[in-house]
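Please read the structure below before turning to the comments.
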Amino acid sequence: MSAVTAEDHDHHDHGPAKGLLRWVITTNHKDIGTLYLLFALLMFFVGGTMALIIRAELFEPGMQFVNPQFFNSMTTMHALVMVFGAVMPAFVGLANWMIPMMIGAPDMALPRMNNMSFWMLVAGILLLASTLLMEGGAPASGWTLYPPLVLQTGTALPFAIFSVHLLGISSIMGAINIIATIFNMRAPAMSLMKMPLFVWTWLITAFLLIAIMPVFAGAVTMLLTDRFFDTSFFNAAGGGDPVLYQHIFWFFGHPEVYVMILPTFGVASTIIPVFARKPLFGYASMVYATAAIAFLSFIVWAHHMFTVGMPIAGELYFMYATMLIAIPTAVKIFNWTATMWKGAMTFETPMLFSIAFVVLFTIGGFTGLMMALAPVDFQYHDTYFIVAHFHYTLVPASVFILMAAGYFWLPKWTGNMYDEKLAKLHFWLSAISVNILFFPQHFLGLAGMPRRIPDYAVQFADWNMISSIGAFIYGPSQLIFAYIVYKTIKGGTGEKVTGEVWEGAKEQSLEWTLSSPPPYHTFTTPPKDVPTMSTSR
Amino acid sequence: MIKAKQFSAVLTLMAFGPGSAHADYTLNLMKGVTQLSNDVYDLHMLALWICVFVGIGVFGTMFYSIYYHRKSMGHKAEQFHENTTVEIIWTIIPTIILIAMAIPATKTMLEMNSTEEAEMSIKITGWQWKWEYDYLDNDIHFFSSLDEASNKARQKNSGIDPRDVPHYLLNVDKPLVIPVNTKIRFLFTAADVIHSWWVPDLGWKKDTVPGFINESWTYVEKAGTYRGQCAELCGKDHGFMPIVVIAKEKADYDAWVVEQSGLATAEENAAEKEWDSEELIAKGEKVYANNCASCHMEDGAGIAGTFPAIKGSAIVKGELKEQVNLMLKGKGMMPAFGQMLSAVDFAAVSTFIRNGLGNSVGDSVQPSEIKILQSERVSEEDGED
């Protein structure tokens, strides 16, 4: 390390490289963070467009716009793009920007790998998108890629599988980088229990990623050999088992959904204390609850498969284990509530999105608890009730918190204030329309509408129409966010913000002790003290 | 001004509501028609009410705090944090609630699982995209697929309003008939990909997995017609393979069983008879529409790259044996139609595709020929083994 430090002396005052090449070759955590975030935003609109195609087709009974095969491609690609292209990269972007600044480090531990993992993500997503143009169409078997159905995919199959490999490698590299950074580059004063909760949640998430991405890569590789090299992992006729794939997939898939929600918890736990002007209520219990949720995520996978035909012992075990998740999750929700209790709250846009997150995520948690009851899941499973559940835990949860994070840190990143009026408009449009969009889907599912169908019986018509109206409001409303981001980068309201930006934020976390925008290289020497208002003291 | 805007928005919403209220919709899970489905319903309601009460508590506290603990109200932030007693209490309370839910859930789960002492068994096989029903206690066996009226209306831009089709997408050509007050065991498997057999009124769904057998059971107490759908994504026409179960009083059911054996004899007789080609083509067109058109398209053009065209196909225009063998055996995504179609239907659709859809081989295929080819095919397969 010492050799590097000696050399580094010349580099200290250098800004970014000039021109477009800066963004291709950059190893700066802030630049790479920006790349991740902008790419994720772009993919959010790509995936969102697919969702609008789905909702347009479902606006009325009968087939109006697309054929059923393309409809299935849309549901599949919408999920893959949103999960692997939008939500995960957005959180990696936040991690890149914020973790070094929150722990007092000059950059990520492995800057060149950082660059590589971003560009591999782009390559993976482009490869995935290219399957839309292939003979036989894009994968249409749902994002879970269940065999034997997925093996009926046309030319696209090997390309989709290779794209999953690339995305997996990219995620693993990102995760290694985050772990290495957190373990090795914290300011000396920052013990593990003094790390901001966002850093903690990402540390745990990174371990989840390293554990699960190889499992998914293995599963899809077995699909590849089943299709092209005559193996029979999942082919009953050759002695294999199609249900085996589901076990492997959900061993990946369940922790995977927590990969999208744990950093969400971290951001919410960062924002709520700032606007309540209070310490986070139970820092230690939040850390333990996150770890508990992460652990449980590995032992509950088959609750996605209650109807697939399991021995009764399996059904009961997975039901009990799944119900346990409610406990640490409840602890978290109580903690956020207690943090707000007797605070001095103000309601800037980041806080509004965070409060909406706590409320709407809780609704998603409630339906999750209901589904944990195996006998009732025999009714809920594969219906719109499930669609409503996981969209509540992803859209008004992860996506809302990503919006909150955007508003929260944009002034820090750019040095400019965003347009609060427009941002509030964005919030209210989103918060109302997201409920018009997803709440009626509970009714549809309970009334008996299966998921992943391009057309439906007429008794489902009313709520589908209302849901689609919600989608047509929610989707375009997000353009306001893109506009606000653009405007803020270009100078915002013209009001220059202080380093602290939000009242009292300096007490909460290190990044607010820096100027806004922060210099290109920050914390080249580690800070002496770290704020401990919302951590253990 | 704002008021006026609001009012017009509400009016628009209301116009959408009743304007499209053409069928009775429901908001909640249905109670169903079996004891088990009622137990499931009760469990659902228990969980729902627990969630509602917890929600009122949590959201109530939160909104109280949002209202009263605002900076703009002059509230000063208190700096308390970490309280072990509180944290232990709010860990224990959810645990107790969970146990209270787990007990009835376990009971219902065990009940659902016990298929013992069934009085009759029906084997259900999922196909892309229809259901095969096999009554294991007597020789009744048939396929059940989307009814013709729905199938016509569901074609893209068909011009038919689904609201005018009775039970749109929830009607079949031949429903499953079961007796009431009888414990029936169902055995599930699939021929191609995974499907899931779901009739909400029975209270459960079960996946049908190729190569494996799943079990479930029902005991319907009320005669009636109960409708459901495939619940596991199974490809292009996943949304178009409904299930209809008719539960009949025992006497009516017995009559139905007798009627079925009569139908089987009639089918055999029809296969013996010599058909003229117009009859065959007319019948074949229908068979084609119900079984082939969803992939090969109504005009036989197929979909380039995915589903081969019938129009001008070398196989269809070639030797009859080769074409029939392909249809009997299936290929890739194409299911084996050998079991699905009767000899008459098979002959009819063969005649239709050879002489319609732009093809003109000029022959007419008789059911008797199909039967010969079928038995040759079977003996060839035996030979392969």
Side-chain angles (χ1 to χ4, degrees), chain A residues 61-63 67-69 135-136 142 148-149 152 154 236 242-243 277-279 281-282 285 307-309 312 315-316 320 323 326-327 330-331 333-334 337 340-346 359 366 370 373-376 378-379 381-382 443 446-448 450 452-455 457-459 461-462 465, chain B residues 20-23 25-29 40 43-44 47 51 58-59 61-62 65 69-71 75-78 81-82 87 90-91 94-95 98 102 105 108-109 112-113 154 156 162-163 168-170 193-194 196 200 204-207 209-211 214 229 231-233 235-237 239 305-306 333:
Chain A
M63 300 297 295
N67 63 50
Q69 183 72 17
E135 214 175 79
L149 182 63
Q152 294 181 348
V243 178
R277 290 166 184 76
K278 263 187 68 189
F281 179 77
S285 66
T307 66
V308 87
I312 184 74
E315 304 267 0
L316 291 176
Y320 300 145
M323 291 173 82
I327 298 169
V331 165
I333 288 160
F334 296 151
T337 312
M340 289 184 224
W341 186 255
K342 300 213 164 168
M345 273 188 274
T346 52
V359 174
F366 283 149
M370 293 168 76
L373 304 174
V376 205
F378 275 75
Q379 287 280 37
H381 180 68
D382 267 336
F443 305 145
L446 293 175
R452 292 166 167 164
I453 56 173
D455 193 7
V458 288
Q459 67 261 40
D462 294 352
M465 186 178 277
Chain B
S20 55
H22 30 71
Y25 59 82
T26 47
L27 299 179
N28 200 0
L29 204 61
V40 165
L43 201 53
H44 159 77
C51 290
V58 173
F59 299 152
T61 315
M62 203 181 297
S65 166
H69 305 151
R70 279 181 293 167
K71 198 185 173 198
H75 196 271
K76 287 264 181 309
E78 289 182 21
H81 70 126
E82 311 233 334
E87 289 176 71
W90 76 28
T91 309
T95 313
L98 288 179
T108 311
M109 192 65 235
M112 200 177 254
N113 197 51
R154 65 108 171 172
K156 195 164 146 193
R163 292 168 185 92
Y168 176 61
L169 296 187
L170 290 179
V193 302
I194 302 172
S196 188
W204 47 261
K205 62 177 70 66
K206 199 84 181 185
D207 291 5
V209 183
N214 276 332
Q229 280 179 271
E232 176 70 46
L233 178 61
K236 194 168 71 68
D237 286 352
T306 318
M333 264 165 113

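Atoms considered below: every heavy atom in the structure, side chains included; atoms not considered: hydrogens, waters and symmetry mates. Given the structure is predicted, the values throughout are model-derived calculations rather than measurements. Letters A, B, ... are given to chains in the order of the sequence lines, protein chains preceding strands, and every chain is numbered from 1.
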Of all the heavy-atom pairs spanning [X] and [Y], show the shortest one and how long it is.
X: Val209(B); Y: Pro242(A); value: CG1-CG, 3.6 Å
X: Pro375(A); Y: Val40(B); value: O-CG2, 3.8 Å
X: Phe281(A); Y: His81(B); value: O-CB, 3.3 Å
X: Tyr168(B); Y: Pro61(A); value: CE2-CB, 4.4 Å
X: Pro148(A); Y: Pro210(B); value: CG-CG, 3.8 Å
X: Phe334(A); Y: Val58(B); value: CE2-CG2, 3.6 Å

A side-chain contact here means heavy atoms from C-beta on lying under 4.5 Å apart; do [X] and [Y] qualify?
X: Gln459(A); Y: Leu170(B); result: yes
X: Met370(A); Y: His44(B); result: yes
X: Val193(B); Y: Gln152(A); result: yes
X: Val331(A); Y: Thr91(B); result: yes

Selection from [options] maximising heavy-atom pairs under 4.5 Å formed with chain A:
options: Asp237(B), Thr108(B), Leu43(B), Leu233(B); value: Leu233(B)
options: Lys206(B), Met109(B), Arg154(B); value: Met109(B)
options: Leu29(B), Leu169(B), Thr95(B); value: Leu29(B)

Below 4.5 Å from any heavy atom of chain A, which atoms of [X] appear? Answer side chain, backbone, both or neither.
X: Lys76(B); result: backbone
X: Asp207(B); result: both
X: Glu87(B); result: side chain

Would the distance check show the side chain of [X] and the main-chain N or O of [Y] forming a donor-acceptor pair, the cut-off being under 3.5 Å?
X: Gln379(A); Y: Pro200(B); result: yes
X: Ser65(B); Y: Met340(A); result: yes
X: Lys71(B); Y: Met345(A); result: no

Top residue by heavy-atom pair count (under 4.5 Å) with chain B, among [options]?
options: Pro454(A), Pro279(A), Gly62(A); answer: Pro279(A)
options: Lys342(A), Glu315(A), Met323(A); answer: Lys342(A)
options: Thr307(A), Thr337(A), Ile453(A); answer: Thr307(A)
options: Ile327(A), Val243(A), Thr346(A); answer: Ile327(A)
options: Ala374(A), Ser285(A), Ala326(A), Ala330(A); answer: Ser285(A)

How long is the span from the CD atom in Gln229(B) to the CG atom in Asp382(A), to the nearest 0.5 Å?
->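 The CD atom of Gln229(B) sits 12.0 Å away from the CG atom of Asp382(A).
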
For Leu316(A), is it the side chain, the backbone, both or neither that has a heavy atom under 4.5 Å from a heavy atom of chain B?
->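 For Leu316(A), the contact with chain B is made by the side chain alone.
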
